[in-house]
There are 2 protein chains.
Amino acid sequence: MDQNKKDRLEGAGWRVGNAEDFLELTPEEAAFVELKLALARFLRDVRVRQGWTQAQTAKRLGSSQSRFAKMEAADASVSVDLLVKSLLGLGATREQVGEVIARAA
Amino acid sequence: MDQNKKDRLEGAGWRVGNAEDFLELTPEEAAFVELKLALARFLRDVRVRQGWTQAQTAKRLGSSQSRFAKMEAADASVSVDLLVKSLLGLGATREQVGEVIARAA
DNA sequence: CAAGTATATGTCCGATCCGACATAGTCGTC
DNA sequence: GACGACTATGTCGGATCGGACATATACTTG
């Protein structure tokens with residue numbers, strides 16, 4: 001968010017910050033959430049790059065469209081285990097998974 | 001294992017391979033196990049480097065010595081979530097976690 | 001706008017996970 | 001070899017996860 005918009009919102013009575021501030025996460029919790037989000041984004045990238053639907057991809061993994069949607073959304077009910085297993089199941093390498101975790105925004 | 005030893009064992013009627021062969025894991029499953037083992041080793045490194053016992057470290061994390069032992073052993077009852085959360089809780093960064101996953105043996 | 005296709009959200013329940021406790025094994029010191 | 005400190009293993013009950021289903025929302029096409 002640019003500074004202008006931030007100022008305007010705060011001028012209008014809004015408090016502006018990141019998820020860490022808003023949800024009052026500890027730094028570790030924030031890092032964990034970021035890590036999950038990075039994996040979720042990567043999962044979507046892998047799927048979209050192949051031109052697959054969520055339903056198709058879920059079937060490949062022996063899962064359901066709804067759960068796969070939650071994976072891509074980094075839903076609270078989705079574990080890092082599931083994200084990593086799914087990525088590996090779609091052909092991503094351990095190296096790629098590590099890179100995504102290490103370097104993602 | 002060097003080739004000599006491998007030959008001797010196989011000559012004696014042993015089949016020699018890695019965990020993947022022995023347990024008949026798929027490549028994805030093998031990669032997932034390796035990933036867990038890498039995190040478990042890193043967790044032990046972090047603890048030992050600080051000169052802490054398992055009990056001390058577990059207490060810091062709000063867990064128990066027995067569970068922490070299982071973490072370091074990459075026990076089947078330990079999730080990647082728990083390993084990652086524990087590492088972050090001990091001060092490791094997301095970048096370090098990613099590097100360990102990407103580059104570990 | 002109806003129908004079709006894709007994605008998102010809420011809920012259920014069986015499966016798995018995790019902290020805790022008990023106890024067993026390991027190692028060094030006396 | 002008894003003791004103490006540390007680590008490993010087995011088990012249990014409560015908590016969380018995950019596949020499935022139902023349903024909602026969003027977009028496209030005729």
Side-chain angles (χ1 to χ4, degrees), chain A residues 19 23 25-26 28-90 92 97 101, chain B residues 19 23 25-26 28-90 92 97 101:
Chain A
L23 298 171
L25 300 176
T26 66
E28 302 96 273
E29 289 167 338
F32 185 75
V33 172
E34 285 173 20
L35 186 152
K36 262 181 78 170
L37 286 171
L39 293 174
R41 281 193 296 267
F42 186 37
L43 190 61
R44 166 158 292 190
D45 284 350
V46 169
R47 172 178 71 83
V48 171
R49 191 150 38 228
Q50 301 284 345
W52 295 333
T53 67
Q54 289 181 343
Q56 287 175 319
T57 315
K59 190 166 188 179
R60 263 174 196 266
L61 296 171
S63 182
S64 60
Q65 179 272 327
S66 62
R67 182 132 306 270
F68 195 85
K70 289 180 215 288
M71 291 187 215
E72 288 190 352
D75 186 279
S77 79
V78 173
S79 70
V80 171
D81 290 65
L82 185 60
L83 290 170
V84 169
K85 282 179 184 169
S86 298
L87 283 167
L88 295 176
L90 295 180
V97 171
I101 289 174
Chain B
L23 298 172
L25 300 178
T26 66
E28 302 97 272
E29 289 169 337
F32 185 75
V33 172
E34 284 172 22
L35 186 153
K36 262 181 78 169
L37 285 170
L39 292 175
R41 281 193 296 268
F42 186 37
L43 190 61
R44 166 157 292 189
D45 284 350
V46 169
R47 172 180 71 84
V48 171
R49 191 150 36 231
Q50 301 284 348
W52 294 334
T53 67
Q54 291 181 343
Q56 285 175 320
T57 315
K59 190 166 188 179
R60 265 175 195 264
L61 297 171
S63 182
S64 60
Q65 179 272 327
S66 61
R67 181 132 307 268
F68 195 86
K70 290 180 215 287
M71 292 186 213
E72 289 189 353
D75 186 277
S77 79
V78 172
S79 70
V80 172
D81 289 65
L82 185 61
L83 290 169
V84 169
K85 283 179 185 170
S86 297
L87 282 167
L88 295 176
L90 295 180
V97 171
I101 290 174

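Letters A, B, ... mirror the listed sequences (proteins, then strands); counts begin at 1. The analysis underlying the following values was restricted to heavy atoms, covering all of them including side chains, and did not include hydrogens, waters or symmetry mates.
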Length of the line joining [X]:[atom1] and [N]:[atom2], which is rounded to integer Å:
X	N	atom1	atom2	answer
B:Lys36	C:dC17	NZ	P	7 Å
B:Gln54	C:dC21	CD	P	17 Å
A:Trp52	C:dA6	CH2	C1'	17 Å
A:Glu72	C:dA6	CD	P	14 Å
B:Leu83	C:dC18	CG	C1'	12 Å
B:Phe68	C:dC21	CZ	P	18 Å
B:Asp75	D:dT7	CG	C1'	14 Å
A:Met71	D:dA20	CE	P	11 Å

inquiry  = Using a heavy-atom cut-off of 4.0 Å across all strands, would you classify B:Ser64 as base, sugar-phosphate, or nothing?
reply    = base
ask   = Can you check whether A:Glu29's main-chain N or O pairs, donor with acceptor, with B:Lys85's side chain at less than 3.5 Å?
value =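 No, because the side chain of B:Lys85 does not come within donor-acceptor range (under 3.5 Å) of the backbone of A:Glu29.
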query = Would you say the side-chain atoms of A:Lys70 pair up with the backbone N or O of A:Ala76, donor to acceptor, closer than 3.5 Å?
reply = no
Polar side-chain contact [X]-[N] base: donor and acceptor under 3.5 Å:
X	N	answer
A:Gln65	C:dA8	yes
A:Lys70	D:dG19	no
A:Ser66	D:dC21	yes

query = Toward the 5' end of DNA chain D, which comes first, B:Ala69 or B:Lys85, by nearest nucleotide?
reply =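 Upstream on the strand: B:Ala69.
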key: Heavy-atom closest contact (B:Ala69 atom, B:Gln54 atom, distance)   = CB-OE1, 3.5 Å
task = Of all the heavy-atom pairs spanning A:Gln65 and A:Ala58, show the shortest one and how long it is.
result =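 Shortest heavy-atom contact: N-CB, 3.7 Å.
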key: Nearest-nucleotide pick for B:Thr53, side chain only, options being D:dC6, C:dC18, C:dG19   =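 The closest nucleotide is D:dC6.
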inquiry  = Contact between A:Lys59 and A:Gln56 at the side-chain level, heavy atoms closer than 4.5 Å - yes or no?
reply    = no
Under 4.0 Å from OP1 or OP2 of [N]: is there any side-chain N or O of [X] that close?
X	N	value
A:Arg67	C:dC12	no
A:Arg47	C:dT7	yes
B:Ser63	C:dG19	yes

